[in-house]
Amino acid sequence: MNEYKELKKANGDVFCEVTRMSGNAYVFINWIGIQSLETVVIGGNYVLSILRAKPCSMLLNSNRELIGPWETAINWWVYKWAPQAKDVGVRYFAHVLSPGIYGQRSFHSLYPQLKMQLEVKPFEDEEGAKEWLQTKSFKSRAPCYWHTCLFFLSTLLYVIGLPIY
């Protein structure tokens, strides 16, 4: 079951929706309407709080419903949010671009600095972002799986007395 929370401005308008997807597959953040530094900080801090409570390595950050720029928050994203997100285990950041040029410009200003801390990829739609996160989910489990198989195989060979070279 998905965990869902709406964040609202003082006037009651929803500015952000945060959903932890079933099985902790990823956390989906949907930004709605016009954003200010205040709303970005409130939303970003809420995401960090749920990640501290239950870590997740993948985020899908959607700006499909965002209106206008959010460049005033870039320094906060880079110097405050991203280091904390990385510390709580975030590795992959799929970003769905805003349909408007100002939101796109804001992301393209953030991207060079954010990709130094997380693996970031922009998308035109949520489906592409979900597919990319699924590939990252598989890859992040694969080394553990192969390590376990090799350990089991080497233990089995040892037990039956075959040399391991």
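Throughout, numbering of the chain's residues begins at 1 and tracks the sequence. Not measured: the values here are computed from a predicted model.
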Next item on the list: Any pair with a residue in residues 112-122 that passes salt bridge (charged side-chain N to carboxylate O under 4.0 Å, His left out), sequence neighbours left out, goes on the list, sorted by first then second residue, please.
Entry: E119-K136

Note to self: Main chain of V96, side chain of E126: is a donor-acceptor contact present, judged purely on distance under 3.5 Å?
What the structure shows: no

Check: Which residue pairs satisfy the salt bridge (charged side-chain N to carboxylate O under 4.0 Å, His left out) criterion with at least one member in residues 43-59, sequence neighbours excluded?
Finding: none

Notebook entry, point to check: Considering residues at least two apart in sequence or located in another chain, which fulfil the salt bridge (charged side-chain N to carboxylate O under 4.0 Å, His left out) criterion with E38?
Noted result: none

Check: Do L51 and C56 come within less than 4.5 Å of each other through their side chains, counting heavy atoms only?
Finding: yes

Margin query: For residues 75-88, which residue pairs pass the salt bridge (charged side-chain N to carboxylate O under 4.0 Å, His left out) check, not counting sequence neighbours?
Written below: none

Notebook entry, point to check: Listed by chain and number, what are the ring pair (Phe, Tyr, Trp, His ring centres under 6.0 Å) partners of F93, not counting sequence neighbours?
Noted result: W81

Check: Taking all atoms of both residues into account, what is the closest heavy-atom pair of S137 and M58, and its distance?
Finding: CB-CE, 3.5 Å

Note to self: V41: which residues meet the side chain to side chain contact (heavy atoms under 4.5 Å, CB included) condition with it, sequence neighbours left out?
What the structure shows: L37, N45, W76

Next item on the list: Decide yes or no for F28 and L59: does some side-chain heavy atom of the first lie under 4.5 Å from some side-chain heavy atom of the second?
Entry: no

Check: Do L97 and F107 come close enough that some side-chain heavy atom pair is under 4.5 Å?
Finding: yes

Next item on the list: Determine the interplanar angle of the W77 and W31 rings, folded into 0 to 90°, and report it as parallel if under 30°, tilted if 30 to 60°, perpendicular if over 60°.
Entry: perpendicular

Notebook entry, point to check: E124: what forms a salt bridge (charged side-chain N to carboxylate O under 4.0 Å, His left out) with it, not counting sequence neighbours?
Noted result: none

Notebook entry, point to check: Got Q117 and V78 here, is their nearest side-chain heavy-atom distance under 4.5 Å?
Noted result: yes

Item checked: Residues clustered with I67, ILVMFWY side-chain links under 4.5 angstrom -> I34

Next item on the list: Using side-chain hydrogen bond (donor to acceptor under 3.5 Å, both in side chains) as the criterion, list what pairs up with N2, not counting sequence neighbours.
Entry: none

Notebook entry, point to check: How many angstroms lie between atom CZ of F15 and atom CG of L66, to the nearest 0.5 angstrom?
Noted result: 12.0 Å

Checklist line | Where at least one partner belongs to residues 94-112, residue pairs that pass side chain to side chain donor-acceptor pair (under 3.5 Å), sequence neighbours excluded | finding: N61-H95, N63-H95, E71-R105

Margin query: Contact between V27 and L60 at the side-chain level, heavy atoms closer than 4.5 Å - yes or no?
Written below: no

Next item on the list: Please tell me if the side chains of T39 and K9 come closer than 4.5 Å, counting only heavy atoms from C-beta onward.
Entry: yes

Check: Any side chain to side chain donor-acceptor pair (under 3.5 Å) pairs touching residues 15-30, not counting sequence neighbours?
Finding: Y4-E17, E17-N30, R20-N24, N30-E65

Next item on the list: Tell me who clusters with V14, hydrophobic residues only, linked when side chains sit under 4.5 Å apart either directly or through other members.
Entry: I32

